[in-house]
Every structure is written in structure tokens, then in C-alpha cells.
Amino acid sequence: MSAIKAVNDFVIKFANVNGSGSASANEMFARSILRMGVPVASRNIFPSNIQGLPTWYEVRVSGKGWLGRRGGVDMMVAMNPQTWDKDIASIDANGYLFYDSSRQIPQSRFRSDINIIRMPLTEIANSTYNDPRQRQLFKNIIYVGALAQLLGLEIAVLEQLIGEQYKGKDALIAPNHKALRLGFDYAASQLNGLCGLKVERADAVGDRIFVNGNEAAALGCVYGGATVAAWYPITPSTSVAESFQKHCSKYRVDPVTKKNNFAIVQAEDEISAIGAVIGAGWNGARAFTATSGPGISLMQEFLGLAYFAEIPAVIIDVQRGGPSTGMPTRTQQADILVCAYASHGDTKHVLLFPEDPRELFEFTAAAFDLAERLQTPVFVLEDLDIGMNEWLCEPFTWTDGQTYDRGKVMSAEDLESGKTFGRYLDVDGDAIPWRTLPGTHPSRGAYFTRGTSRDRYAKYSEEGSVYQDNMQRLLRKLETAKSLVPAPVIQLAKENARHGVIYFGSSTPAMNEAMAALEGQGMHLDTMRLRAFPFCDAVSDFILAHDQVFLVEQNRDAQMRMLLVNECGIDPARIVSVLNYDGTPITARFITGAISERLTMKSKEAAE
Amino acid sequence: MSAIKAVNDFVIKFANVNGSGSASANEMFARSILRMGVPVASRNIFPSNIQGLPTWYEVRVSGKGWLGRRGGVDMMVAMNPQTWDKDIASIDANGYLFYDSSRQIPQSRFRSDINIIRMPLTEIANSTYNDPRQRQLFKNIIYVGALAQLLGLEIAVLEQLIGEQYKGKDALIAPNHKALRLGFDYAASQLNGLCGLKVERADAVGDRIFVNGNEAAALGCVYGGATVAAWYPITPSTSVAESFQKHCSKYRVDPVTKKNNFAIVQAEDEISAIGAVIGAGWNGARAFTATSGPGISLMQEFLGLAYFAEIPAVIIDVQRGGPSTGMPTRTQQADILVCAYASHGDTKHVLLFPEDPRELFEFTAAAFDLAERLQTPVFVLEDLDIGMNEWLCEPFTWTDGQTYDRGKVMSAEDLESGKTFGRYLDVDGDAIPWRTLPGTHPSRGAYFTRGTSRDRYAKYSEEGSVYQDNMQRLLRKLETAKSLVPAPVIQLAKENARHGVIYFGSSTPAMNEAMAALEGQGMHLDTMRLRAFPFCDAVSDFILAHDQVFLVEQNRDAQMRMLLVNECGIDPARIVSVLNYDGTPITARFITGAISERLTMKSKEAAE
Amino acid sequence: MTYIVKPKLRHPGIAINKLGFTHRDYEGTVSTLCAGCGHDSISFAIIQACFELNIAPHRVAKLSGIGCSSKTPDYLLGQSHGFNSVHGRMPSVVTGANLANKDLIYLGISGDGDSASIGLGQFVHSLRRGVNMCYITENNGVYGLTKGQFSATADKGSKSKYGGSNMDSPLDLVSMAMQVGATFVGRSFSGDKQQLVPLIMAAISHKGPAFIDVVSPCVAFNNHAGSTKAYEFVRLHNEAVNRLDIMEPRETITVEYAPGTTEDVELHDGSTLRLSKLDADYDPHDRIAAMTYLQNRAAAGELVTGLIYMDPDASDMHANLNTVDVPLNRLSAKELCPGSAGLESFNRSHR
Amino acid sequence: MTYIVKPKLRHPGIAINKLGFTHRDYEGTVSTLCAGCGHDSISFAIIQACFELNIAPHRVAKLSGIGCSSKTPDYLLGQSHGFNSVHGRMPSVVTGANLANKDLIYLGISGDGDSASIGLGQFVHSLRRGVNMCYITENNGVYGLTKGQFSATADKGSKSKYGGSNMDSPLDLVSMAMQVGATFVGRSFSGDKQQLVPLIMAAISHKGPAFIDVVSPCVAFNNHAGSTKAYEFVRLHNEAVNRLDIMEPRETITVEYAPGTTEDVELHDGSTLRLSKLDADYDPHDRIAAMTYLQNRAAAGELVTGLIYMDPDASDMHANLNTVDVPLNRLSAKELCPGSAGLESFNRSHR
Ligand SMILES: Cc1ncc(C[n+]2csc(CCOP(=O)(O)OP(=O)(O)O)c2C)c(N)n1
Ligand SMILES: Cc1ncc(C[n+]2csc(CCOP(=O)(O)OP(=O)(O)O)c2C)c(N)n1
Ligand code: SF4
Ligand code: SF4
Ligand SMILES: [Mg+2]
Ligand SMILES: [Mg+2]
């Protein structure tokens, strides 16, 4: 039978049971490939429970540096009897199955068009270790050792990773090294030559880092000067707050007093969390919350208040599969509308769409400037794929010496000097009024903040004209926002293109690969990556410059298309949706297929 | 100076202080005109407080039967010193000011281009009554008497209305009659001939009734078979629940046992209210809640659950001025998006847009059938203008003998007979699955309801394909809804029209008048009144059949336009918005002006 | 309901209740919780209680919020309809469900995060409204499903698995329930089936808002030394004030208790609750004294368990609302719709 | 802050406090509440308390939810920043505001609907979190602003103005506050300024979560015979357990009390609270005994007023969180941003 042969270009998937300790072994496996200079993209597919259910870890090895999901599986490491049949079925023809042959499995449950690599992992572990927990944990290391041998990973790299992982707990290093060797040696003697997939040392990683988005967002909050975090646990956003806590413990404790330059409140729910963020923002601290879809739903009323009363707030929404509790451990881009138009009545909010952890770090830090400059909530829309998976991305950078843009806040000096203060007065023509902070001046600048209509001097009013004046200014403020938010990234095809593709957020790596593939097939398209809402003119210019554009998104209802059509006044006929919404990250294969099919259809139609 | 002369066609506005007892006197005034066979439209403009702030009551007398706000004021009854200047300023040139001349008012605070009718109301009241409360209350009746004389109202009609109002409290009748006479006689002797506005008996009212929308909606709930109401007070929706209570006490108490065929829970907040509605709907009772914008915001999470878990629920949203607390005593149509796409993730909900109390009654009753047939939340979108003002409309009708459409509920017999039950199985091809109610059958039909993804047999699943299958069915279910919801009402112009106008809800009376006015100016437009979302094909057909359509709505962001463009795939360039959003009901003058201006501009452009 | 379950083939020796059901007929799907999780023991106790009460499983509606605890309704009573709603809002859903059909038994299952954090308002208001239900919190002091953050019932100073300390004052759902109107309040421990099963039986038989707080250690995140919700800690510090037995109507009493230490209370379904007092001074019918006792023991670091308070004369929401006897979801247009005649008078009064 | 208010022209005889402010400097805009509304008396008491405490008005932040009561912050302290947020959620907004700037005085004003109905969860959680604030509910047993529906504090059986009866169990915010972690709890009556003013002064001076429930009759919707929140009823049934005086630091004590009936407690700002006991047995430092007393009196139909509980050693949320002394909203990039150096180590550890 033939077998796939590939160097630095394959997908290997681990099927495990959660809570079995496989996660860290698998991650070490992926990291070792990176250390050999070969790019890797890894994704966890985990259940909404704590222990005992199926979980998968998918590692894409790509010397060319394609970091989206590719689709398909070249090798399955099948460690979970519960999902055996499904796992076997998902292997590409001529691919590999690596499994624990300690247990007898009837012939009927294998496939004849795949290559089977058997290793009695449990037997080996049981004969080496007595403690049941050790047996379990080291079994994972043993298979990593075996895979190292099969794929050609450098064992020294793995040994070093073990050393780093257990720094401080040095007693654990030697036993792990031993387990690794055990697997390696077994494979060398028993499985040699069975595997046509290989990793070869390369120089394609550079100084890139391997980091998950939630950690990046949390660091962005630290760098952006957030001092108040209020949150409520919800998958997949929980690690944003937890990681903020961790970073703060490192970076934000006053070296002298040992006191904290930050405050984190685990609120009793999301309503309370956003309430605290708004209270803090009103009172001049940079504050944020991190949540996911259900939390955004609960925050709607407060978000309307923040819009209307003009209070800065940063909301990190780590999107998951909706609606309702939906698929809490799957990814989607389906909170676009509920964020853009959050709350009843006429509202529009600022949204940012980072493409990867690095941009997420930057955008999150920038969100605090934006929120204070615009005096309004700013949403950072990431998703489970970016947030909870380690992504290979450019190292984070920061320009020292920059200060924060605290926006238009009148100081005691300003007030003392007699500057006119009207809380909702558009003195600068950019529709952004000046504000004051509580406690600033004994007799000037105090005003009453409310969610009801009021005049330019913050006085309560039920006058229609006063209300309308204010609502129009709020629209103009969003115009100002267009020049402040990150502009789209436009990439022109090598040849003059009649079609364009629009995309955003976590679809980026798959898009990059898909574009290269389409180009390879002679299909040239310009691309535009959206990075923020409201859309600046460049966005509609791009659409209008093409006969038709594809819009790639990860939701059912083409929510971004709706936003574009509505806000840019675009004929929807110009925008063709490419939608992936089954909860798994979009793949290059899917995008390529969808676009090429439609382009081919069109050129056929044209030819007829 | 010249003075407006008009018969059965003018606007009179009362400026009062709230809590002063003027409301019932003013309403009696309006009703007396109706009893004379002359159509009247009346609107309350009241503050968000309980006592002591300005309130207005605007009565439009229209022999032709135009029931929208016209705009402008022919006569101002200025009883509130706080708002004097504004009230005086709002009178049309050559119009009338009627005021209490007991207090000295400097000449500078009058206008020279209006006709002034002075009456020392306080003096008269004080010289007649000793009790301060009586002085206050009868003052109102006295001015009604004076106006009756000035305008030519039949005093017998007013006397009869007083008799009806105080039926059972007969001792109050004579003093009220006396106060009425006091005013009438004063006017006859002192003010005769000062007023050119007249009411003449006519026959233009027919059997129409004068009723507010919230009472109609509540009655719709009774007729629609609602047994469970869960609500939380919020202006302007409170009277829906209160009136449901009142109707139920009349119609729904078992004559034998004196027990209630209904249950009303005043919940602790809107989240709890919608939760109870969903619990009741799940368990087979017809249930509803009534709320306004902030309540809809709070209900978002639960609404997503009801959509995804497919549970019937009826939500009456009495829209008010948003966003946030906004203008709680003003009207708007600005909750369209937050209802249509309520909750995070991909969702779409069914919305109904009644034009007046009569249709509100019908649609509310029908909403329960729709909700159970479609197993999903159904929103009845009314607004403060319909809900809290008395509208003159056709009497309500009901076809006896009709039964409720309880939708697809498997009975114990069905289950016993062995019919396949899959909670989310599309057996009939209309994407609506069958459900069972708790407690139906000892061993068949039980299932587990959840907001997470599950397969066709309600079994929990995290499979992408299973999720997608279900989400697609939900989209198809909305297709089914298109054939069940009320179709739009289309009215073709007398001449072939290149332009159309779309409108909905409380804009109807102003629209009717505006269309007649435009036709009078030689501008012919077809009209379409939307009555529901999702839109059936007739809606896009109408738009596509015209070069351009106007879309009249009462919000800032053209929310209905967004829904149309997105859901019908219409080029937004085809739809021109006419937006009124200052919190006051839209007027015919505004619509006529906006449309004629644009049509004239276009024909000029075309001519150039 | 006239439909009878087809008898299944059974092992001869297996226990059968009066309705002919075995224990298995009260089970649900296989639990996906962690091995050793306290919640699974509570599920087992509920199954046992329903078996012993001879409840027809389909006459139970089981509802929950979101959390590990809130998943458990799936793992019991497979023939009952279940509703896993949204986080913290089960009480309102039960309220509505109960309004729709007063004839079913309502089991509300929740966690400490679900009921004491996000859901505190609904918890309190459903009790004060008098919803006839058996409301159980599976209280582990943490958010299990989101991996171990403190919940609002975590004791001040208690340590998380990862080292942090809780600095907020803890909420005691038992005291709160008594204060706001629950008419049956108990506390127990997932590890004490002897106490828990009859407590659940009594709560189900009680007509009115019944609440049981069950300490239920989370083996994954809150079972370490220093946690006040760990097995060891609860075993050492729990102080049972009484033990219960439930006797069916007219069943001969077979067990003898020393006089003065037992008390019989009739339950709403006609069965009798026999209370054997372990603490002679403790009177579960004196609400204020019971609360004081509870708080004093709590101050001394002891967790009072058992039947803590019961009002034998309790009434419920339906009584307050004076609803008809037939469940509201069974009424038809005939009873509900006043028809054209009703409209005529309505129209007339609006002219 | 170095800016000083310009002295205004004043009547010579008018009272001036240590900061040179008159009573008027603590007033706000003209009230739009109903004439006679209890809430206006409470506003007046707050104004008086701030005047007597010599508080610089701009150092107060006043926050509220939605309701007639929640409108009142506009009617007092015109030189303070105010925030009329959303219904029932003032506590979370205060929490955030307090986190941002620990140096201001936080006044949270709410209603019974706002705090006991929709806002119950936030009410409880802000107290258990230890937010340093003076939280006042203006409790009239109804929703004033929406025209008279029962709130969750309405007594069972109490009649609405339009005849309906409340059938749900009432919530007692005072008991609840004591149970969940408030370290200063009082109750008073809008009609008793003598009691109310010093109570507010003490609550403001207390560092920690201070709560005062003030019964405040709604003359429009809940002041009729049969209402337990009517002026007449409260006047007859309120039982003051103590009276307070606040003395400034080192001020000579001028009044003499009979020995044994007074007690001095030092407040956090250095001033002294002199408690004259009206009920000799009542000890406001024994939380459990106080709660029991309260509930027993409530069962007897009496409303206990006065300083009900106080923990003189209270700490607050900032202490729990170990925040720096300077308000967080004053920190700049210098203290907050680790700069490129910080990123270097971060990047290194992620390769
Ligand atoms: C609105 C919302 N916020 C947050 C979550 C995430 N969440 C799921 S379960 C849970 C906590 C559950 O804690 P608890 O009720 O104590 O149950 P346990 O898992 O400990 O049994 C949270 C916060 C959610 N599902 N919905
Ligand atoms: C989310 C939301 N629901 C409902 C309302 C309507 N509403 C305004 S005030 C109020 C009740 C206020 O009662 P309370 O807090 O007791 O204040 P009072 O007017 O009695 O002083 C309600 C229900 C609202 N503003 N927001
Ligand atoms: S995480 Fe804790 S609560 Fe959840 S299943 Fe595991 S042991 Fe039980
Ligand atoms: S309605 Fe009641 S609470 Fe509101 S202002 Fe009037 S008296 Fe006060
Ligand atoms: Mg828990
Ligand atoms: Mg109130």
C-alpha cells in the first residue's frame, strides 16, 4: 500500500481523553518542531466538561508557514477508545494511524487504505511504572518519544523542553527524559521506517513567538494601562482575566510597598462586571472586562448607557459558537451584530478585529486610548481560535516613551482658568465633548451623568430638538472614530483583479494560504482585511472598485456583510458570502473551494 | 388682526401641570367631540415624573378623519406658567391663546399675531369653591365649559359624559354639571364671538371606538388564550399588564369556583419575567410579557435560549425613546434591530407591526398562535403613541367558534401509537419539529431541553455537522414563518407610480393623510404597509417594482431599512429614508414635506 | 393519565417499588462529571428518593441553570422532561413552568455559582414568591465548570487550588432561604446519603418552596486541605441536628424511638415525617431560633445539617394567586376566550 | 487639590461650617418629586449630614439607579459629580467608581424596587465585597416612579392604593445586609431627622460597607391606611434602640449622659460616635444577637430603628485587594506600562 510522504508539511492529530495529562505532552511535541525552525499551527478541540470526555489536538506542520487549519489528517495518534471509529475515519487515504496496541482491537475497526503503526504503550508504561498516575502521565511522554523517532524530531530539543518545563522541580526531569527515551528507542527498534512524514530542521520560524490570544489580550491590558478589571468566568474568555492577574503580579506590584497598581474584581455576573467597568471609566480609571456571547447579551442595557452617557469602556469578547449556550468550546465570529448595535434604541459601537495574538495585543492596548479619546465602549472581538490556541506570530513590540491618550479631560487648571465646560458641548468640531472627573475642582465642572436625554450642559431635558441634537452629535462622533481606528489592510493581486475578497480576524491564516492557492490556479483577487468598525472610506472604495467581492466570515447569517451593506450603502449583490460556521476554525481548503467554484461558475456563465 | 376660521379641522393643545387632575377633564373634552360625530385624535405628552411637571394634551379635530398628528397648534389652552413662553411660541400665526387671566402677565410675554382669549379661571373657581382640591379640580371643568361655548360643543353631550363618568358616585354629578355651566355661561356672556374655530355635529365617527393600544394588547392576550403573564413595570408598557389584570378579573374568573383561569406574576425584573414566560411556554401554557426597550436589552440572553431551544413566547414591546433610559415618556420605533436579531450568535425572530389598537388586538391574539405554531418567540412591536394614547379605530371583532392553533404537540395518544418522536426532527418538511409537554406519557416523549447544541433527537452533541444541520433548519423555519405572518398591505396609486412609500406601525395615520396631500399635489406613489418580519416575497417585489421607494420610520438609524436591505438583498440605493426621531409622533406635514421635497428635487434634476 | 409503562424483564431479586419501577427506571444518561464528584452522589440520592416515594418519573419536571451541577438533571430520571436553561436563571423558569402546570413535581437543581453568584436575585425571589418546588443547590464553593474560581459561598480566607485566597464575605444560602420565605429548609452533605435521601423525600412531599443546600465537594478544584468544602473538612465539621424518616400514609410504624426525641409531622401528600432529634434543644419550627442557632454554630466553625426549618402550614404561589384547580396549560378556548359577546360590551364602553 | 471656592456674599447670621460652606452649598437642583414625598426629607438629612461633617462637596460622588428615590442625587450636593445609572445596578457602578479612586466619599442612593427587586443581587454582592460607601435605600414599599406597584419590601398582606394585596414574603434589607457582610447597618425613618442625620454622618465616616434603610412614605401611592410604609404606621411602630451623636476629634464633650447608657465608638475619620442606648440590652456590636432581636421585634410588628450593627474594625475592598495608596485613576504610563523591556522577557519565554 502506498503511504503519504511529506517533509515539513503534514497534519498530525492527537485524540485523547481530557484530564489525562495529554495536553502538556502534546504541546511539547508541537513546540519541539518549532524549535527545529519549522512553523507549526496547533489547535485544541475540547469538550465542555472537566474530565473524561474526548479532546483532540491538531498540529499542522508547515515549512511554508501556513498557519490556518488545512483540513484533513495525515497521521492520527488515536489514544481514545471512545472516539476510535470517528478518528480512524478522519485519516486521509494513505495516511497513518498510530495507536496503543495494548488493547486488542478487531480487524473490522481498522481501514485498509491507511498505514498502521502499532505500539503497546500501556504495556510499556505498566511494565515500567507502578504508580497509576505515573503510568498515565508517562504514557503520554512515551508516545512523544516514539513520534520523535518516527518523524525525525531531535531528541535533544525535546529534552531541553522538558528541562525548561520542570525548571525548579528538577527531580521530575530525569524520569521524563527516561520516558522519552523509552518511546524513542522502542520506535527505533520496532517501528523504524514505517513513517513517511518527516520534520527537517529549517530556518522558517525566525524570532516569532508561540502564544495564545487571551494571554496577549491580557498583556495588552497591562500595556494599555488598565487598572481595573471586572469580569465573570466564561469559556473561552476566562483566561484573559486569569492571565491579566498573572501579568499584573509580575509587572504591576509596587516594588517598594508591595501594593498593587491594579484591582481585579471577579464580579457576581456579567451585568455587575460591566457596571463596575463603567463606574471605573466614569471615574477616570482605564477599565475592561472580558467575556463571551452570553455575557455580551447580559451587558446590553449597560452598553447602551455607556454609549449614551459617553463613558469609556473596553470589552474583550472572545467569541464562541452561539446562539444561547451554543457550542461553548467551539469558535465563531457571530457576535458582530450584537456588539455593533448593542442595546435597544439607536446605538453604534466601535469594534476592533485583530487577526492574531500579536495584533490582539496591540489592539487591546490601543482600545484604551480609543475608548478614552472617543468616550465610548470599544469592543475587541477575538474568538476561541485566537484566544485559546497557541499561535505562531511576530514578537510583540512596544515603543518606549509613548504616553496614554487620556482624551478630553478637563483638569482643575482648565476649570480654574475659566474654560467653558459643557459636558455634551461639541467645542472642537469633532463631536467629542470634554469631560471632568469627580473630585477635580471644588466649584466647577461638576455635572450629573444620566442615561436619559439632556442638553449640552448635561441638564435633563425632554425636548425633542435637544434630544435630536445630541443623537446627531453621537453619529458625528462615530465619523470621527473612522479616522482613529485601524484602517483595513489591502493587498492587491499581481494582476489587475475584477474580484476582491474581504475577511477579518482569525480567518487570516487560512485566507493567506487560500489566496496563494488561488493564485497558483491562476485566479487573481485583491484582498482587504477589515480591522475595525466603523468603516473608513477605503472600505467602500475597495468594494466599489471590484465587480464583486467575496466576504469570508465564520457565522451563519453573514453578519459582517450586513454591517458593510448597511453602513457603506453597498448593493448586497456585490458581496458574495463565504460562510463557515460549524464551530471549527475555517480552513484554506474551504475558502479556496468556495471561491474557485464560484469564479469558475461565473466564467462558465460568461463563456456561454 | 385676522383669526383662523375653521370648522371641524383644527388642533387644540392643553398645557397643564401633571397631577393636577386635568387629564380626565381634557379627555372628556375630546370625547364630547367624538360624540358629536366628529373624529378626534388626541395625544398626551407627559414627563417622566409623578407630580408637578409640565404635561400637554393635544387634540386634533378632523372632520375628514385624519388621525395622525398634524403639527402646529390653532388654539393653546395655557394653564401652566412654567411653560408659558414655549407654549405661546408654539401657536400658529392668527391662532388662539386661551388662558387663566387671574394672574397678571406682562405684555411682553404675549404675541401680537395671535388672538387672546382671557378668562379669570382661578378667580372664578376660588370665588365659587372653598376646598383647595375642589378649586383645582373644578377649574379644569370650568375651562371645558368655556371651551364648549367657544367651539360650539353641545353641553348636553358633556353633561352626559359627566353622568357616565360618575356613575355610582352620583353625588359628584351635579357639582360637575354646575362647574361646566359656570364656564359655559361666562364664555357666553364675556367671550362670545372671540373664537373662529368651530365643531359642528357630523356623522363621521360611525361605530368606531376610542381606545388605547395597551388596553387593546391586553385584551388580545385574553382572547389569544394567554394564561400566564410575567412582567416588570416599565413605562410605557405597564398598563398592558395592569389592563390584562383588569380584563382577566372580568372575563377569566371561573363563575362557579371564583378561581382564576390565569396567573399574573409581577417579577423582580425583566430577566425573571421572560424566564417565567419561557418556563410556562415550555410547559404548554400560553404566556407573555410586556416591556419596553431596557427590558428587551435585559432579556437578550433568554431570547436566544428560546430561539435555539424553540420555545414559544410572546413579547409585547411598547417602544419608547432610546437608547438607554432615553426619553421614557416619548415615542419611537427604535427597537427593531434589537428584537429582530435579539441575543448573541446567529438568531432571527418574528416581529409584528400593528398600525393601531385594533390591529394590535388582533395581532396580539394571533401572536400566541404564531408562537406555538413556530415554537419561537414572537414580538409585538407597538409604541408609546399607540399604547398610551386613545385612538379612534374600528370596533374589535372576533369570529366565534375558532380554536387556538396549539402547534405541533404530540399527545399521549400520538406517543402511545408509536409515532416517531425526535424533538428536533423535521418530519413535515416545514422545519418545524414536534414537541411534547412534560408529564404527557410515562415512558415516551421525554427529552432534555437545552441551550447547547444537540442532535435531532435532542441528544447533546458538539459535532459541527449536527450543529450546522440544526442551524440550517432554524433558517428554514423562518422561511415557513413568511407564509404565516400577516402579509403587507399594498395600495396602488391611481396613476402608474414610479415611486413607492413603505411604512409601518404608528406612522399609519400620518401616512394616510400625507399620501392624500401628495396626491392632491399631483404626486402619485404606491404604498406598502409592513406588518411583519420575516418579509414575504411581496415585500421585495414591491420594492423592485419601483425606481425608488421611501421608507418612513421613527428612529435615527433607519433600522427597518437595514432589515429590508439585508433580508431581501435589496440595493440600499433604492430605499430613501424619511426619519422622524425626536420622540414626538410623526406628522403628516413632516412626511409630505420630506417626500415632496425629494421628488421635486429629482424631477428638477431630471429636467436639467 | 391512562398510559401504563410496559413492564420490562427484570432480574427476579431486584427491588421494585409500589409503581412497579426499579431503581433503574429513575436513572438518566451516564454522568460526564469527574470521577468522585459530589454531584453524582446527590443525583443518586435524588434517584433513591424518587424511587422510595413511588413517584411516576414522568410526573417530575427537572430544571437547572448552567454548571457541572446543572448538568446533573440529565443523569437522573430519564423519563422526566428536563430543562437546562441559562446560568443563574433556573428559578424563574421553574416559576413559569409551575404556573403552567401545578400538577407536576418540580425539581430545581443548581450550583453555588448558579444560585449564589449570578442567580442570587432569582433564588431569593422564587422562594419569597412561594413556588412549590424542591430546590437543591450542589454547593462546592467554586465554579466547577469554568475550572475552579471562587463562588459566593466560598468562606472568607479559603484557599483556591492555585493558591489565591477569597476575601469576600461568604453567603449562606440556608440562612438566606429562611429569611426570605422558604417554608422547608435543609442542609446536608453529598457524602451522607442516610441523611440526604429522606431530606429530599420530605422536601419533595412538602407543598411550598423547599430548599436544600447540599455541600458537594469538587474533587477537581476544591477538595484540598484548607478548603471548607472538602470531604474531610465537612466530615469533621458537620453537625446534624436531626435525622429523618419518611413513612407512607397509614404504614405501621415499626421502629421505636426513645420518647421525647422524636416528632412526627404530617406532610402534604399524607405521608409522615419522623424527626429524630439529635440536638434536644433544636426546634425546626421556630424560624428565628433556628436562624440564630445556625449562625452561632457557623461562628464556631460548625456546619449545621439536617432539617433546619419547616412550616407545616405552608401554602404556595398557586394558592396566593387563587388559580383554578385544573392546570392552566389544559384550559382551552372555551374557558379562555370571551368571544364576540365579550367584545360587544368592550366596544360599547369605548365609544 | 489646591483650588479654593470663592467666598460668596452671605447673610451675616447664616450658619457656616469649618470649610466656610453654608447649608446652601450642599444643596442641589430643585426637587421634582411630589410635595410631601419622604425622599425629599432624606435628601435634606444628607445635606445636613455633609454640612455638619465639613465635607468638601466635590469630594463626594453620588450614584443611584432608577426611580423617584434614584432621582434625588440631583437634588443635593450640586458641586458633586453624580451618576444616575440604570435600574438596580448602582452597586456595581459604585464598586467600579470606588476602585478607580479610593479617595472620594461614595454615596449610593437607591429605592426598594431598585435594591430589593431588580437589584437584589448587586445589593448583596457589593456589601459582601466590602465596598467603602454609604448606601441608602429610600424604602417606600412601592415603585413610585412607575405608579405604585408593590416592591419586594412590601409586607405580606399589605394593600395597594388600588385595593390589591401583596402575597409574597417581604424582604428585609437590614437583616439581609447584616447577614451578607455590611459592617455598618442602620435603619431610620424619613420623618425622624434627629435620628437620621447622625446616622448618615456615622455611615459616611465609617470605612467599609455601610448601609442605611430609611422608611420613606410615598404620598402618592403608599401612604394610605393599611400600608405598613405610611407615615402614621411607621410613627406608631418604630422602635428606636439608640440615639447617636457624632463628635469631632478632640472636641470637648459638653453633654452629660447617665452612666451605663452611653458608649463611645471611634470612627475611621477620628471622630467619635456617641451611642445613647434606649434599649439597655441592645448591643450593636453583636451581629447575631442583633439580627435575632430585629427579627423578634419584626415578628411582633415593630420596626427597629437606630444603629443596628457596627463592626468598628471593618476593613474594605481596597484593603482586601491590597491596592496602592494613590488612587488608581492617577497612575500614569510610568507606573503602569512595563515598556519594551517587559516585552523582551515575555517574548523570550514564548519561543
Ligand atoms: C451568562 C453566563 N456567564 C457565564 C457562564 C459560564 N459558566 C458556566 S458554569 C459557571 C459556574 C458554575 O458554577 P456552579 O453553579 O457553582 O456549578 P459547578 O460547576 O460548581 O457545579 C459559569 C460561570 C455561562 N454559562 N453563562
Ligand atoms: C430595566 C428597567 N426596568 C424597569 C424600569 C422602570 N422603572 C423605573 S423606576 C422603577 C421602580 C422604582 O422603584 P423604587 O426603586 O422603589 O423607587 P421609588 O420610585 O419608589 O423611589 C421601575 C420599575 C427601568 N427604568 N428600567
Ligand atoms: S469540576 Fe468539580 S464540580 Fe465539576 S464535575 Fe469535576 S469534580 Fe464535579
Ligand atoms: S410617587 Fe411617591 S416616591 Fe415618587 S415622588 Fe411621589 S411620593 Fe415620592
Ligand atoms: Mg459550584
Ligand atoms: Mg420605592
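Below, chains carry the letters A, B, ... as their sequence lines are ordered, and counting in each starts from 1.
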Checklist entry - Under 4.0 Å between a Lys/Arg side-chain N and an Asp/Glu carboxylate O for Lys86(A) and Glu463(B)? => result yes
Checklist entry - So which of Ala334(B), Gly451(B), Gly464(B) has the biggest tally of heavy-atom pairs under 4.5 Å with chain A? => result Gly451(B)
Checklist entry - So what's closer than 4.5 Å to chain A heavy atoms on Glu301(B): side chain, backbone, both or neither? => result both
Next on the checklist: For Pro47(B), which atoms come within 4.5 Å of any heavy atom of chain A: side chain, backbone, both, or neither?
Outcome noted: both
Checklist outcome for this item: Most contact-rich option vs chain A, by heavy-atom pairs under 4.5 angstrom, among Thr584(B), Ile336(B), Leu305(B), is Leu305(B)
Checklist entry - Can Tyr467(B) and Arg556(A) be said to form a side chain to side chain contact (heavy atoms under 4.5 Å, CB included), step by step? => result CA-CA 11 Å; Tyr467(B) 167 83; Arg556(A) 183 193 69 177; over 6 Å; no
Next on the checklist: Quick check: closest heavy atoms across His344(B) and Ser324(A), and the distance to 0.1 Å?
Outcome noted: NE2-O, 2.9 Å
Item to check | Side chain, backbone, both or neither of Ile271(B) within contact of chain A (heavy atoms, under 4.5 Å) | outcome: side chain
Next on the checklist: Using 0.5 Å steps for rounding, measure from the OG1 atom of Thr452(B) to the CZ atom of Arg330(A).
Outcome noted: 12.0 Å
Checklist entry - Rounded to the nearest 0.5 Å, how far apart are CD of Gln559(B) and CG of Asp346(A)? => result 5.0 Å
Checklist entry - If you tally heavy-atom pairs under 4.5 Å against chain B, which of Gly322(A), Pro294(A), Gly569(A) wins? => result Pro294(A)
Item to check | Heavy-atom side-chain proximity of Pro572(B) to Pro572(A) below 4.5 angstrom | outcome: yes
Next on the checklist: With a 4.5 angstrom heavy-atom cut-off, is it the side chain or the backbone of Phe302(B) that approaches chain A, or both, or neither?
Outcome noted: neither
Next on the checklist: At a heavy-atom distance under 4.5 Å, which candidate from Gly583(A), Gly326(A), Ser465(A) has the highest pair count against chain B?
Outcome noted: Gly326(A)
Item to check | Engaged part of Ser292(B) at the chain A interface, taking heavy atoms whose separation is under 4.5 Å | outcome: neither
Next on the checklist: Can you tell me how far apart CD1 (Ile296(B)) and OG (Ser343(A)) are? Round to the nearest 0.5 Å.
Outcome noted: 11.0 Å
Checklist outcome for this item: Pair count under 4.5 Å, heavy atoms only, with chain B: among Gly293(A), Ala573(A), Gly304(A), Pro323(A), highest is Pro323(A)
Item to check | When Gln300(B), Arg450(B), Gln332(B) are compared by non-hydrogen pairs under 4.5 Å with chain A, the top option | outcome: Gln300(B)
Next on the checklist: One pair to check against side chain to side chain contact (heavy atoms under 4.5 Å, CB included): Phe46(A) and Glu462(B). What are the steps and the verdict?
Outcome noted: CA-CA 9 Å; Phe46(A) 58 98; Glu462(B) 293 177 354; over 6 Å; no
Item to check | Closest heavy-atom pair and its distance - Met327(B), Ser453(A) | outcome: CG-CB, 3.7 Å
Item to check | Pairs of heavy atoms under 4.5 Å with chain B: top-ranked of Arg574(A), Gln472(A), Gln319(A) | outcome: Gln472(A)
Item to check | From CA spacing to verdict: side chain to side chain contact (heavy atoms under 4.5 Å, CB included), Asp557(B), Thr347(A) | outcome: CA-CA 8 Å; Asp557(B) 290 344; Thr347(A) 65; 6.0 Å; no
Item to check | Separation of Tyr581(A) OH from Gln468(B) CD (nearest 0.5 Å) | outcome: 4.5 Å
Checklist outcome for this item: Of Thr329(B), Leu475(B), Leu298(B), the largest count of non-hydrogen pairs under 4.5 angstrom with chain A goes to Leu475(B)
Checklist entry - Which one of Gln333(A), Glu567(A), Arg320(A), Lys348(A) has the most heavy-atom pairs closer than 4.5 Å to chain B? => result Lys348(A)
Next on the checklist: How long is the straight-line distance from OH of Tyr460(B) back to CG of Asn49(A), given to the nearest 0.5 Å?
Outcome noted: 8.0 Å
